[in-house]
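Written out below as structure tokens is the structure these notes cover.
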Amino acid sequence: MSEPQSRDFIRQIIHEDLESGKHDSIVTRFPPEPNGFLHIGHVMSICLNFSVAAENNGRTYLRFDDTNPGKESEEYVAAIERDVHWLGFDWGDRLTHASDYFGQLYESAVQLVELGAAYVDSLSADEIREYRGTLTTPGKDSPHRNRSVAENLDLLARMRAGEFADGEMVLRAKIDMRSPNMNLRDPALYRIRHVTHQHTGDKWCIYPMYDFAHTLSDAFEGITHSLCTLEFEDHRPLYNWFLEQLKPPHQPRQIEFSRLNLAYAITSKRKLGALVEEGIVAGWDDPRMPTIAGMRRRGYPAAALRDFVTRAGVTKKDKLIEMGVLENCVRENLGEAAERRLAVLRPLKIVLTNYPEDKSEMMSAMNHPGRPELGNREIPFSRELWIEQDDFMEEAPRKFFRLQPGGEVRLRFGYIIRCDEVVKNDAGEVVELHCSYDPETRSGTGTSDRKVKGTIHWVSCAHAIDAKVRLYDRLFTEVNPNSAADFHTILNADSLQTVDAKLEPSLSSLAPGDAVQFERLGYFCIDSEEHSGDTLVFNRIVTLRDTWAKIEKQAIQQQH
RNA sequence: UGGGGCGUAGCCAAGUGGUAAGGCAUCGGGUUUUGAUCCCGUGUACCGCAGGUUCGAAUCCUGCCGCCCCAGCCA
């Protein structure tokens, strides 16, 4: 194994812990709460936790942090398992739940009470808030803070037995109401919730809070490095407090790194959920969603996602990464993997006036210009063809080297044609082009090397198959929608556009999820949900890089 | 005006006292029957600012500024 040139700070710590003999092996965990779908931000955490362990022959737990019944559901646990697995990671037999430890957690709570380090408080939630103080003023002790151990033990047992209503009692850690760190002002450990838990049923009516359950779950599982995001930094003293008080045999260490934010995307489960709830998107797996499920359905390869988070890096600096980086990872992966096909998104009919009416012939097209081993296919060619509306301009600017009146272009894998006549409707719109082809320029023949500036794609009208193609764009108009007061005001109205496209016949046998490149347009795949019936439905995964679009854009900007 | 973090090119990011890697983007150019790919080339980064220590500082010290997080019986 070769030594990497540089390690991120977490890998450095792990490396040192292994070198020094502090640990013999590394154990990590990915601990999602099953209250929503995983998104691009989680990809970062998943890859970090699983990779860092795998790199060191360690192991990783997939642990559901299910301590808040009512907000969590089995639907989400299934989705999370599917997503983590699809991303390429395997937890083996290490699939656990915080709720698996409810028994041990309760015992630990009793132990804290016995230690005089926890007490049952009868203050209401509102009162507790008042007693907590503010960021700049210290809190004050609850009047119940000095109940005897015996009384606390009795109260805790009765909480568990269901003698109290929700909110009537709460178990709190006894730390310091005057701490400048709010997390240390006697945080709640257990609250009463008379609700059925998705995993433990009605066995419990008291449920542990995050800090308590998470720290101890880490300890129980022998996690060596508990990696989480920056907002938990102030929780670390509390995390360590639990370990000091209870002295479990395994003492995990919490290390925080910055979250990954993606430009123009929301990474808040709550807001993502709102988009679904309000029907702004079609579901958690809508191809516009930055969820793992959405990106998978959109056609992003798992490897591209892994590559993306690797490029983003692991640091403690807040980051907002440009969309282009993600898109580039997708293009890079698909550019190599995807076979090429011809498809016309916005069809314009052309008639080759000098091509025989009844004739049709098969043109040979390579499936991948960079990978000849992928072979060739045959595409039918005939007198009437569909070309892209964008590939014709009646009054073309200087550098436009596609089709224009009197001009020539090469039809990809076909002939060179010339535009002789533009046919318009009463409204003056171009509806059809009359062209002539040069029989001497058939692709692949010895005389086919005559040069023309442009090459455009096409589909034979008589042989084309129809499809709906969905073109996606960013969901928001602001770079950082996370910080918008109300995301409704910055929704991109054009995030989804559907067009009726014409495809080359071979595309009818494509399997859902398989990505292909429509030459000159981008990468596409058959939608996994809506391909039923007669009409094929394609998703545009990402466009090709488009230098011409950039030139046009600059030209427009220069005019103003 | 409490506590915890962070500040290296447009976006990421190496760098751990010896004189600023790399990726993406940008801008040039070459190849090309995808204006794709590929290949070359391209950045005065006052290393947040100001002082100080040192022969020498992005790296050490001091002060300041800016941004993020924390007052759930959420995670």
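Reminder, nothing fancy here: chain letters follow the sequence lines and each chain counts from 1.
Atom pair Arg371(A):CZ and A36(B):P shows a separation of 21 Å (rounding to whole Å applied). As a whole-Å value, the separation of Arg402(A) CZ from U34(B) P is 13 Å. The nearest whole Å value for the distance from the CG atom in Asn240(A) to the C1' atom in G4(B) is 14 Å. The interatomic distance linking Leu521(A) (CG) with G35(B) (C1') rounds to 12 Å, in whole Å. Remark: P of G35(B) and CD of Gln554(A) are 18 Å apart, rounded to the nearest angstrom. For the pair Asn367(A) CG and U34(B) C1', the interatomic distance rounds to 14 Å; values are reported in whole Å. Following rounding to the nearest Å, Leu320(A) (CG) and C67(B) (C1') show an atom-to-atom distance of 13 Å. If you take CZ of Phe413(A) and P of U33(B), they are 12 Å apart, rounded to a whole angstrom.
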Run the salt bridge (charged side-chain N to carboxylate O under 4.0 Å, His left out) test on Arg63(A) and Asp218(A) for me, step by step, so that the C-alpha distance in whole Å, both residues' side-chain angles and the decisive distance to 0.1 Å come before the verdict. CA-CA 10 Å; Arg63(A) 181 174 71 226; Asp218(A) 281 350; 2.7 Å; yes
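Glycosidic conformation of G28(B) is anti; the angle lies outside 90° of 0.
If you check distances only, the side chain of Glu519(A) never reaches the base of U33(B) with a donor-acceptor pair under 3.5 Å. With hydrogens and angles left out, the side chain of Arg520(A) and the base of U34(B) share no donor-acceptor pair within 3.5 Å. Applying the 3.5 Å distance criterion, the base of U34(B) shares no donor-acceptor pair with the side chain of Thr455(A). Scanning atom types as modelled, no donor and acceptor separated by under 3.5 angstrom connect the side chain of Arg236(A) and the base of G4(B).
Screening Asp83(A), Leu305(A), Ile292(A) against Ile46(A) for a side-chain contact (heavy atoms from CB on, under 4.5 Å) leaves a single residue, Ile292(A). Partner of Arg7(A) under the side chain to side chain donor-acceptor pair (under 3.5 Å) criterion, chosen from Glu16(A), His15(A), Gln12(A): His15(A).
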What string of B, S and - do you get for nucleotides 68-75 of chain B 5' to 3' if you count protein non-hydrogen atoms under 4.0 Å? SSBBSBSB
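Counting only distance, with no hydrogens or angles, the side chain of Asp391(A) and the backbone of Leu403(A) share no donor-acceptor pair below 3.5 Å. The closest donor-acceptor contact from the side chain of Lys71(A) to the backbone of Glu33(A) lies at 3.5 Å or more, if one exists at all.
As the counterpart of C67(B), G5(B) is assigned, both hydrogen-bonding distances of the Watson-Crick or G-U wobble pattern falling under 3.5 Å.
Lys319(A) has a side-chain polar atom (N or O) that falls below the 4.0 Å cut-off from OP1 or OP2 of A13(B). Between Gln12(A) and U16(B), a side-chain N or O to OP1/OP2 separation shorter than 4.0 Å is absent.
Comparing U42(B) with C27(B), their C1' atoms are spaced 7 Å from each other, to the whole Å. When the P atom is compared between C73(B) and U26(B), the two are found 49 Å apart, to the nearest whole Å. Across the P atoms, C49(B) and G3(B) are found 26 Å apart, a figure rounded to whole Å. If you take atom P in A25(B) and the same atom in G52(B), they sit 43 Å apart, rounded to whole Å. With both ends at atom C1', the span from G48(B) to A58(B) equals 12 Å, rounded to whole Å. Comparing A13(B) with U1(B), their P atoms are spaced 29 Å from each other, to the whole Å. Here the separation of C74(B) from C12(B), taken at their P atoms, is 34 Å to the nearest Å.
Contacts of Arg311(A) with the nucleic acid, taken as non-hydrogen atoms under 4.0 Å apart, involve only primed sugar atoms and P, OP1 or OP2. At a threshold of 4.0 angstrom between heavy atoms, the contacts of Phe257(A) with the nucleic acid are absent. Counting any heavy atom pair closer than 4.0 Å across all strands shown, Glu256(A) reaches no nucleic acid atom.
Sorted by first and then second residue, the salt bridge (charged side-chain N to carboxylate O under 4.0 Å, His left out) pairs with a member in residues 120-131 of chain A read Asp121(A)-Arg172(A), Asp126(A)-Arg129(A); sequence neighbours excluded. Within the structure, every pair that satisfies the salt bridge (charged side-chain N to carboxylate O under 4.0 Å, His left out) test and touches residues 176-191 of chain A, not counting sequence neighbours, is listed here: Asp141(A)-Arg178(A), Arg145(A)-Asp186(A).
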Could you go through nucleotides 8-10 of chain B and list every protein N or O atom that sits under 3.5 Å from one of its N or O atoms, giving the distance for each pair?
from, atom 1, to, atom 2, distance (Å)
U8(B), OP2, Lys317(A), NZ, 2.5
G10(B), N2, Glu322(A), OE1, 3.1

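Nearest to the side chain of Ser6(A), among A14(B), A13(B), U33(B), sits A14(B).
Under the rule for a side chain to side chain donor-acceptor pair (under 3.5 Å), the partners of Thr28(A) that lie at least two apart in sequence or sit in another chain are Thr60(A). Listed by chain and number, the residues in a salt bridge (Lys or Arg N to Asp or Glu O under 4.0 Å) with Glu378(A) amount to none (sequence neighbours excluded).
Residues Phe400(A) and Lys550(A) each lie close to RNA chain B; by heavy-atom proximity, the contact nearer the 5' end of the strand is made by Lys550(A). Of the residues near RNA chain B, Phe9(A) and Ile321(A), the one whose nearest nucleotide (by heavy atom distance) lies more toward the 5' end is Ile321(A).
Summarising the geometry of Thr455(A) relative to Leu411(A), their closest heavy-atom pair is CG2-C, 4.5 Å, with the distance given to 0.1 Å.
A donor atom on one side chain and an acceptor atom on the other are found under 3.5 Å apart for Glu256(A) and Gln254(A). No side-chain N or O of Arg410(A) forms a donor-acceptor pair with one of Thr441(A) less than 3.5 Å apart.
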